[in-house]
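Everything on this sheet refers to the single structure shown next.
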Amino acid sequence: MPPASAIALRPCSAQAHPNIALIKYWGNRDEALRLPANGSISMNLAGLETRTSVTWDEKRVARGDAFNLNGSPVTGPGLERVSAFLDLVRKMAGFDFRADVVSVNNFPAGAGIASSASAFAALALAAAKAAGLDLAEADLSRLARRGSGSACRSVPGGFVEWAAGASDADSFAVSIAPPEGWPLVDIIAIVSEAHKSTGSTEGHALAATSPLQGARVADAPRRLDLCRDAILKRDFAALAEVTELDSALMHAVMMTSTPPLFYWHAPTLTVMQEIRLARAQGLAACCTVDAGPNVHVICEADAAEAAARLIADMPGVREVRRAQVGGPAHIESD
Ligand code: DP6
């Protein structure tokens, strides 16, 4: 282990946005390494963020890591997941020090936005930098992936593609278009704030039990091509078609797993149907749903106002949130 004085440990704080997948990650080829069954594409969500600071404590190797989330200490499985992730950073840095991790989300739990992506992207950046490691974006994305698969997509900015890759070395995300490449808006229809009963990690492990997962994965390269092309050409009709297809395929796999996972509530389907009707009448809006009941309505900027009004009036919609396309994870101070 290098002497502490040679490492120049300093507290470090980083910020990352959550992301919404347009082509979904569902199922792993390797659970431990979080190597996904298929590639995925997402956009970062501006205005929503996790801010995380990490301080490595070189004097108190014997105590465990400490993790404070939104002002409360975290213990049990939440702390264990963070500690297991910090083990990876300790190994890279070549030291045994424990860490103090303080993390704050500016969006509430249950707001329809998965926090693990922004959480592990910010933690990867803050923990590595505080350990004196200067990682290239691809290596940071690979590291974040080990904490939560979708976190690798919150490292680069704008529209991001995570290539499934063949191994740990080539499974990371890159930006395919900057935030200003296409000013889309995500309008999130909150239909339930209840905590989901089956989290993503458990859900990924069930994907292979669905007879439909093989077909979903086999067709993924075609959908990735369609989605990437639509983003690069700003072709909303093409984006809408492939985004809705991909979301439906993932939910078909979820619903046909053993045991089955039904994340939709009745208002989830109402929003999806109403948005399809509105699109047929010319509104540039389409739907995608993650591992929960809330609906992300992706819109062109000039359709956002009308879409938000329409969604707010739909039965079962409790709240509407909005996010534009966000930038990369970044250091706040060092
Ligand atoms: C439905 O990245 O949350 O949101 O790696 O177990 O943390 P873990 O899973 P996670 O899975 C995301 C699933 C999804 C689709 C997506 O974001 O691609």
Side-chain angles (χ1 to χ4, degrees), residues 16-45 48 50 77-78 80-82 84-85 88 105 109 111-124 141-156 159-165 168 171-173 186 188 195-208 210 213 216-217 220 223-224 227 242-255 257 261-264 268 287-296 298 323 326:
H17 299 298
N19 65 71
I20 177 68
L22 305 169
I23 302 296
K24 310 290 191 186
Y25 150 50
W26 197 245
N28 285 308
R29 278 176 297 135
D30 182 320
E31 300 278 351
L33 288 174
R34 285 189 157 86
L35 296 178
N38 60 278
S40 53
I41 292 179
S42 58
M43 61 183 227
N44 285 348
L45 301 178
L48 308 170
T50 299
E80 282 161 26
R81 187 169 177 182
V82 165
F85 181 79
L88 301 171
N105 294 326
I113 305 140
S115 58
S116 67
S118 52
F120 281 98
L123 180 61
S141 175
R142 286 173 52 227
L143 176 62
R145 189 198 79 228
R146 302 287 298 276
S148 173
S150 55
C152 78
R153 297 190 312 241
S154 281
V155 172
F159 296 87
V160 172
E161 180 165 358
W162 173 14
D168 174 49
S171 188
F172 57 87
D186 180 11
I188 307 160
H195 201 73
K196 58 192 174 199
S197 53
T198 308
S200 301
T201 305
E202 274 176 82
H204 288 298
L206 299 179
S210 165
Q213 172 73 344
R216 190 190 77 85
V217 170
R223 298 193 305 281
L224 287 163
C227 184
V242 73
T243 295
E244 292 192 349
L245 168 66
D246 191 86
S247 177
L249 282 169
M250 179 181 74
H251 284 274
V253 166
M254 291 164 159
M255 291 174 193
S257 296
L261 300 173
F262 286 84
Y263 286 108
W264 296 354
T268 311
C287 295
T288 186
V289 181
D290 274 348
N294 301 313
V295 187
H296 291 253
I298 311 296

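Numbering of residues begins at 1 and proceeds along the displayed sequence. First listed ligand is number 1; within each ligand, the first listed atom is number 1.
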Nearest to [atom] by heavy atom, [options]: which?
atom	options	value
atom 12 (C) of ligand 1	Tyr263, Tyr25, Trp162	Tyr25
atom 6 (O) of ligand 1	Ile41, Asp246, Thr201, Ile20	Thr201
atom 3 (O) of ligand 1	Ser200, Ala117, Ser115, Cys152	Ser200

For [X] against [Y], the heavy-atom pair lying closest together:
X	Y	answer
Cys227	Leu22	SG-CB, 4.0 Å
Pro36	Asn28	CA-OD1, 3.8 Å
Leu48	His17	O-ND1, 2.7 Å
Lys24	Thr288	NZ-OG1, 2.7 Å

Spell out, as yes or no, whether a donor-acceptor pair under 3.5 Å connects the side chain of [X] to the backbone of [Y].
X	Y	result
Arg223	Arg216	yes
Gln213	Trp26	yes
Thr268	Asn294	no

For ligand 1, which atoms have a heavy atom of [X] less than 4.0 angstrom away?
X	value
Ala21	16 (C), 17 (O), 18 (O)
Arg153	16 (C), 17 (O), 18 (O)
Ser148	2 (O), 3 (O), 5 (O), 7 (O), 8 (P), 10 (P)
Ala291	1 (C)

Item to complete: Determine whether the side chains of His296 and Asp186 contain a donor N or O and an acceptor N or O closer than 3.5 Å.
Response: yes
[X] contact mode with ligand 1 (heavy-atom cut-off under 4.0 Å):
X	answer
Arg81	side chain
Ser150	both
Ser116	side chain

Worksheet item: Quick one: does Met250 get a heavy atom under 4.0 Å from ligand 1?
Response: yes
Worksheet entry | ligand 1 to Gly149 polar contact by distance, N or O atoms, under 3.5 Å | yes
Worksheet item: Should Lys24 be counted as touching ligand 1, given the test is an N or O pair under 3.5 Å?
Response: no
Discussion item. I need the nearest protein heavy-atom contact for atom 9 (O) of ligand 1: residue, atom name and distance, please.
Written reply: His204 NE2, 3.0 Å
Worksheet item: Any idea how Tyr25 and Trp162 line up, ring-wise: parallel (<30°), tilted (30 to 60°), or perpendicular (>60°)?
Response: perpendicular
